[in-house]
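This is a predicted model, so every value here is computed, not measured. Throughout, numbering of the chain's residues begins at 1 and tracks the sequence.
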Amino acid sequence: MTTDTAAPPAAPALAQPWILMYHAVGDPTADPYGITVAPDRLELHLRWLRARGLRGVGVADLLRAHGAGNAAGLVGLTFDDGYADFVDTALPLLARHDCAATVFVLPGRLGGTNEWDPEGPRRPLLTGRQIRAAADAGTEIASHGLFHRHLAGCPDDVLVEETARSRDLLHELTGTAPAGFCYPYGTFDRRAAEAVRRAGYTYACAIAPGAAAGPYALPRTHISQADRGTRLWAKWLRHRARRRPALGPVRSGGAG
């Protein structure tokens, strides 16, 4: 564990809140994409945050606090793709450190695997029962589309299916219409962002949207197995150094 004990300087005027991006939590050795963190590494990250007075929360809660001017000490934690290890492994660690998160799931692939990754390894995805259990435990359930398809340049009917249909299915599954959406692969265009807005989501996460950053293209920081204290510190400072457009007002909750 890192011995660095310095706390990040207060940043009440940040134009964008800090949102961390995770994927799978398990054995990282057979992962050609570098998106898996080991359980002990995730715990190190959570300890690092908590030691610096930072607490992980879901994105909807983070944005509400940010809009109210009381987001100091809060960091968004997101887990993409809806891997089953979120419930089995990540959720107990989050609870141990009094943190919460947003998990972006694929209602068209419930209980399936990550077939969109040609190189594997195959990982099981959350079932409907597991998603409900995560929601009951305080996790924000949000959409990652229906089948994990690239949205930039896709036909209108696919956009509707991936955004509106996935939202409807998650509403049926959990009883709550999701507020958030995450673009598969982090890629989007104007039409995709507009489809997300029309579907009733109040925010969308990307990865590095640049000048397009805003409520429907929130930037995030990729966190990997290689990240320890020094690298986390560097990523925090790099986020603070970015000068992005302000979010503006963000509606709380999702439309019915």
Examine the side chains of His144 and Asp81 and answer whether a donor and an acceptor come within less than 3.5 Å of each other.
-> yes
Determine the minimum heavy-atom distance between Ala142 and Gly180, stating which atoms define it.
-> CB-O, 3.2 Å
Identify the heavy atoms of Pro28 and Ala38 that sit nearest to each other, and give their distance.
-> CD-CB, 4.1 Å
Any chance you could measure Asp85, atom CG, to Leu42, atom CG, to the nearest 0.5 Å?
-> 10.0 Å
Any link between Ile223 and Tyr33 through a network of hydrophobic side chains (Ile, Leu, Val, Met, Phe, Trp, Tyr) touching at under 4.5 Å?
-> no
For the hydrophobic clusters of this structure (ILVMFWY residues joined by side-chain heavy atoms under 4.5 Å, transitively), does one cluster hold both Val25 and Leu126?
-> yes
Between Val158 and Trp116, is there a shared hydrophobic cluster once you connect ILVMFWY residues whose side-chain heavy atoms come closer than 4.5 Å?
-> no
List the steps, then state whether side-chain contact (heavy atoms from CB on, under 4.5 Å) holds for Asp61 with Glu140.
-> CA-CA 9 Å; Asp61 285 344; Glu140 179 192 2; over 6 Å; no
Enter the distance from Leu151:CG to Tyr185:OH here, rounded to the nearest 0.5 Å.
-> 10.0 Å
Spacing of CG belonging to Leu232 relative to CG belonging to Leu44, to within rounding of 0.5 Å = 7.5 Å
Proximity of Tyr183 and Phe181 rings by center, below 6.0 Å = yes
Measure the spacing between CZ of Phe104 and NE2 of His23 and express it to the nearest 0.5 Å.
-> 10.5 Å
Following the transitive rule for hydrophobic clusters with a side-chain heavy-atom cut-off under 4.5 Å over Ile, Leu, Val, Met, Phe, Trp and Tyr, establish whether Phe79 and Trp18 coincide in one cluster.
-> yes
Report the C-alpha separation of Thr78 and Cys182 in whole Å, then their side-chain angles, then the decisive distance to 0.1 Å, and conclude whether the side-chain contact (heavy atoms from CB on, under 4.5 Å) test is met.
-> CA-CA 10 Å; Thr78 63; Cys182 176; over 6 Å; no
Is there a donor in the side chain of His222 and an acceptor in the side chain of Tyr22, or the other way round, less than 3.5 Å apart?
-> no
Is Lys235 close to Leu20 at the side-chain level, that is, under 4.5 Å between some pair of heavy atoms?
-> no
Distance (rounded to the nearest 0.5 Å) between Thr102 OG1 and Ile141 CD1 | 8.5 Å
Stepwise, does the side-chain contact (heavy atoms from CB on, under 4.5 Å) test hold for Leu218 with Val59?
-> CA-CA 10 Å; Leu218 295 171; Val59 177; 4.0 Å; yes
Quick one: do Arg165 and Asp168 satisfy salt bridge (charged side-chain N to carboxylate O under 4.0 Å, His left out)? Show the steps, please.
-> CA-CA 5 Å; Arg165 179 59 177 156; Asp168 290 343; 5.0 Å; no
Residue pair Glu162 / Ser143, side-chain heavy-atom distance below 4.5 Å = no
Do Arg197 and Glu194 pass the salt bridge (charged side-chain N to carboxylate O under 4.0 Å, His left out) test, and can you show the C-alpha distance, the side-chain angles, and the key distance before you say yes or no?
-> CA-CA 5 Å; Arg197 186 195 65 77; Glu194 179 60 21; 2.4 Å; yes
Less than 4.5 Å apart, any side-chain heavy atom of Thr163 and any of Arg198?
-> no
Report yes or no: do Leu46 and Val103 belong to one cluster of Ile/Leu/Val/Met/Phe/Trp/Tyr joined by side chain heavy-atom distances under 4.5 Å?
-> yes
Is there side-chain contact between Pro121 and Pro32, with at least one heavy-atom pair below 4.5 Å?
-> yes
Using the ring of each side chain (for Trp, its six-membered ring), is Trp233 parallel, tilted or perpendicular to Trp48, with breaks at 30° and 60°?
-> perpendicular
Check whether any side-chain heavy atom of Leu110 sits under 4.5 Å from a side-chain heavy atom of Leu125, and report yes or no.
-> no
Stepwise salt bridge (charged side-chain N to carboxylate O under 4.0 Å, His left out) test for Asp227 and Arg41 | CA-CA 8 Å; Asp227 289 322; Arg41 188 54 51 88; over 6 Å; no
Contact check, side chains of Ser224 and Arg231, non-hydrogen atoms, under 4.5 Å = yes
So Arg220 and Asp80, salt bridge (charged side-chain N to carboxylate O under 4.0 Å, His left out) or not? Walk me through it.
-> CA-CA 12 Å; Arg220 295 181 295 165; Asp80 289 12; 2.8 Å; yes
Least distance between heavy atoms, Gly76 atom then Leu62 atom = N-CD2, 3.5 Å
Flag side-chain contact, heavy atom, 4.5 Å: Ile19 against Pro219 | no
Does any donor atom in the side chain of Arg123 or Thr36 lie under 3.5 Å from an acceptor atom in the other side chain?
-> yes
Assess whether atom CZ of Arg50 is packed by more than 12 heavy atoms of other residues, nucleotides or ligands within 6.0 Å.
-> yes
Provide the closest heavy-atom pair for Ala177 versus Arg167 in the form atom of the first, atom of the second, distance.
-> CB-NH2, 3.5 Å
Side-chain donor-acceptor pairs under 3.5 Å in residues 86-97, sequence neighbours left out?
from, atom 1, to, atom 2, distance (Å)
Arg96, NH1, Glu43, OE1, 3.2
Arg96, NH1, Glu43, OE2, 2.8
His97, NE2, Glu43, OE2, 3.0

Considering all heavy atoms of both residues, which atom of Arg122 and which atom of Asn114 are nearest to each other, and what is their separation?
-> NH1-O, 2.8 Å
Checking side-chain contact (heavy atoms from CB on, under 4.5 Å) for the pair Val105/Tyr83: CA distance, chi angles, key distance, verdict?
-> CA-CA 8 Å; Val105 303; Tyr83 293 108; over 6 Å; no
Side-chain heavy atoms of Leu173 within contact of Ile131, under 4.5 Å = yes
Distance in Å, Leu159 CG paired with Arg149 CZ, rounded so as to fall on 0.5 Å steps = 9.5 Å
Nearest heavy-atom neighbours spanning Asp156 and Arg191 = OD1-NH2, 2.5 Å
Distance under 6.0 Å and angle within 45° of the ring axis: does Arg109 meet both against Phe147?
-> no
